[in-house]
There are 2 protein chains.
Amino acid sequence: MNLTSAEENYLKGIYSLGVGRNGDISTNELAALLQTKPASVTDMLKKLAKKGMISYVKYQGVSVTTAGKKKALEITRRRKLWEVFLVEKLRLQWDELTELSDELEHVSSPLLMQRLDEYLGYPKFDPFGDPIPNELGEMSDHPRVPLLDLSFEQSGKIIGVNDNSSSFLKYLDKAGIFIGVKVLVLDKVDFDGSMELLIDNKRRQFISKEVASNILVMAY
Amino acid sequence: MNLTSAEENYLKGIYSLGVGRNGDISTNELAALLQTKPASVTDMLKKLAKKGMISYVKYQGVSVTTAGKKKALEITRRRKLWEVFLVEKLRLQWDELTELSDELEHVSSPLLMQRLDEYLGYPKFDPFGDPIPNELGEMSDHPRVPLLDLSFEQSGKIIGVNDNSSSFLKYLDKAGIFIGVKVLVLDKVDFDGSMELLIDNKRRQFISKEVASNILVMAY
DNA sequence: TATTTAATTTAGATATACCTAAAAATAAAC
DNA sequence: GTTTATTTTTAGGTATATCTAAATTAAATA
Ligand SMILES: [Mn+2]
Ligand SMILES: [Mn+2]
Ligand SMILES: [Mn+2]
Ligand SMILES: [Mn+2]
């Protein structure tokens, strides 16, 4: 079953709101996520249900079907492969990705994606540290802890973020905090939870508790 | 002025039909090129005229304005840069490009295009040997002759094609005739205009007059 | 439980991008 | 220069994807 770009965006939203949750997704939740009106959501839910992508009972909320989950992972895979390309090859910054990958994720060509995957060296994680589904929708995962959880003199490698907001990503770019960078905890302030870091074995950087809780690291 | 993908496709069509021609483009011509109906073309011409992209007087045909030409070259630049990427980096074949570049040409981001251009090494020609407009719409050009015009024992480098049809491009792929390949004329048959070539200094290949007239080379 | 509030759906518009069929204008043929 | 044929436009319709306002259903509260 083939989907339009709009349908793909809704499906992706329904899937992502649903991961790690028991109940169904509400119309208002989706409207908020997709920056649209509840009435538009209702219209689209009917279409996606008719196409077998979601289970939808009116007034009762919505969840993806097996077919819908497969499709959502396919779209996610396309998006993330493009994101790796944009960062690794074209050197775009974190906060410049969203707008572009929102478009590129809909360019649907198995051959293109297979070649891009190969060209990128079969990456397992996107530039935000999230796993990239393979052709079958399977994902690797590795232990990620908030930077805040690192203790004094412990070090780790930055592998992702919890917050994809433009303001946060801009801050990180400016602070020189990127994927793959090594950090060592020079100081932890009990009073406010802030930290001082040694970045890349050379530069010192203070960060607040809030920032530290939104950066994910792989501890050494 | 921002254009939708559909508007961009029409504008590109109007521009490309117009290059190297005195008169205007007709509604039916455009409909044939874009595989759509004349009534749809008329609708779109009104929209593009209102946006200042074309000069359109009803029943009198259509041509691009200065703004329209600029825009058409911008779209063409995006398309061709993607085509270079698909061939040079992802190793796609000629006949696999059209469908993808038809979509990718509409992803409009100056930053993305600037970075892609840089990443590709500022290419001046697309995989078909046609010049790529720069940010200002200017194009290089180099002398291209049909392979048919090469004489006995003359050699040249393949730099493009005159025919972008899927059947022709598939034939070339199969025959191992690619951009950048060196050819030497081993024989020219007077009777039917066919040729025998030495490809890449190693392989012999017969081609018909029709094929030879649709391959463009830079003669040494 | 009855009433009020909030969430959701329906009804009915608008805009884009197509289409078919009919009308109008232009071009070609006689 | 009429008549005929072709081209082009208009009229009106469909499908997608939005919206606002009103109606309906479900949830919360008194
Ligand atoms: Mn999207
Ligand atoms: Mn296109
Ligand atoms: Mn409706
Ligand atoms: Mn109309």
Side-chain angles (χ1 to χ4, degrees), chain A residues 1-14 17-18 21-64 68 71-72 75 102-103 105-108, chain B residues 1-14 17-18 21-64 68 71-72 75 102-103 105-108:
Chain A
M1 185 58 74
N2 256 48
L3 303 184
T4 64
S5 289
E7 288 167 344
E8 286 191 345
N9 285 332
Y10 276 89
L11 183 59
K12 222 180 18 139
I14 296 162
L17 285 176
R21 168 200 306 210
N22 43 329
D24 281 1
I25 314 304
S26 79
T27 299
N28 275 0
E29 248 181 308
L30 256 176
L33 179 72
L34 300 174
Q35 313 226 73
T36 183
K37 303 292 166 187
S40 306
V41 172
T42 301
D43 279 354
M44 190 58 95
L45 294 183
K46 289 181 196 162
K47 291 207 298 168
L48 285 172
K50 192 149 56 177
K51 293 196 177 191
M53 296 289 127
I54 59 172
S55 300
Y56 167 59
V57 183
K58 63 162 139 164
Y59 293 107
Q60 302 305 301
V62 66
S63 62
V64 295
K71 196 67 161 188
I75 304 161
D102 266 343
E103 281 198 65
E105 67 187 349
H106 306 294
V107 178
S108 169
Chain B
M1 183 58 73
N2 255 47
L3 304 184
T4 65
S5 290
E7 288 168 342
E8 287 191 343
N9 285 333
Y10 275 87
L11 182 59
K12 221 180 19 139
I14 297 163
L17 285 177
R21 168 199 305 209
N22 44 328
D24 282 2
I25 314 304
S26 80
T27 301
N28 275 1
E29 248 180 309
L30 257 175
L33 180 71
L34 300 173
Q35 313 227 70
T36 183
K37 302 294 167 185
S40 306
V41 172
T42 301
D43 279 353
M44 191 57 96
L45 294 184
K46 289 181 196 162
K47 291 207 298 170
L48 285 172
K50 192 149 58 181
K51 293 196 176 191
M53 295 290 127
I54 59 172
S55 300
Y56 168 58
V57 183
K58 64 160 133 163
Y59 293 108
Q60 302 303 301
V62 66
S63 62
V64 296
K71 197 66 160 187
I75 303 160
D102 267 343
E103 280 198 65
E105 67 186 351
H106 306 294
V107 178
S108 170

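Residue numbers begin at 1 in each chain, while the letters A, B, ... track the order of the sequences. Values below: every heavy atom of this structure, side chains too, minus hydrogens, waters and symmetry copies.
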Rounded to whole angstroms, how far apart are CG on B:Asp24 and P on C:dT26? 15 Å
With distance as the sole test, does A:Lys12 use its side chain to make a donor-acceptor pair with the main-chain N or O of A:Lys71 at under 3.5 Å? no
Between A:Lys58 and B:Tyr56, which residue's closest nucleotide on DNA chain D lies nearer the 5′ terminus? B:Tyr56
Looking at D:dT18, C:dC19, C:dT10, which one has an atom nearest to any side-chain atom of A:Thr42? C:dT10
Please report, rounded to the nearest Å, how far the P atom of D:dT16 is from the CE atom of A:Met44. 10 Å
Rounding to an integer number of Å, can you tell me how far B:Lys46 NZ sits from C:dT16 C1'? 14 Å
Please figure out whether B:Lys37 or B:Lys51 has its closest DNA chain C nucleotide nearer the 5' end. B:Lys51
Figure out the CG/P separation between A:Asp43 and D:dA15, and round it to whole Å. 15 Å
Is the closest side-chain heavy-atom distance between A:His106 and A:Leu3 below 4.5 Å? no
B:Glu7 and salt bridge (charged side-chain N to carboxylate O under 4.0 Å, His left out): which single residue from B:Lys51, B:Lys46, B:Lys50 fits? B:Lys51
Quick one: is A:Thr36 getting a side-chain N or O under 4.0 Å of the D:dT18 phosphate, OP1 or OP2? no
Whole Å only: how far is the CG atom of B:Asn9 from the C1' atom of C:dT16? 14 Å
Which nucleotide in the list C:dT16, D:dT10, D:dT18 gets nearest to the side chain of A:Ala6? D:dT18
Evaluation steps, side-chain contact (heavy atoms from CB on, under 4.5 Å), between A:Asp24 and A:Val57: CA-CA 10 Å; A:Asp24 281 1; A:Val57 183; over 6 Å; no
Does anything in residues 25-33 of chain A come within less than 4.0 Å of DNA chain C? Heavy atoms only, and list the residues if so. A:Ser26, A:Thr27, A:Asn28
Please tabulate the protein-to-nucleotide N/O contacts below 3.5 Å involving nucleotides 1-3 of chain D, giving atom names and distances.
none

Options C:dC18, D:dA26, C:dA25, nucleotide nearest the side-chain atoms of B:Tyr59: C:dA25
When A:Ala39 and A:Gln60 are each assigned the nearest nucleotide of DNA chain D, the 5'-most assignment goes to A:Ala39
Give every residue pair that meets the salt bridge (Lys or Arg N to Asp or Glu O under 4.0 Å) criterion with at least one member in residues 29-44 of chain B, sequence neighbours excluded. B:Arg21-B:Glu29
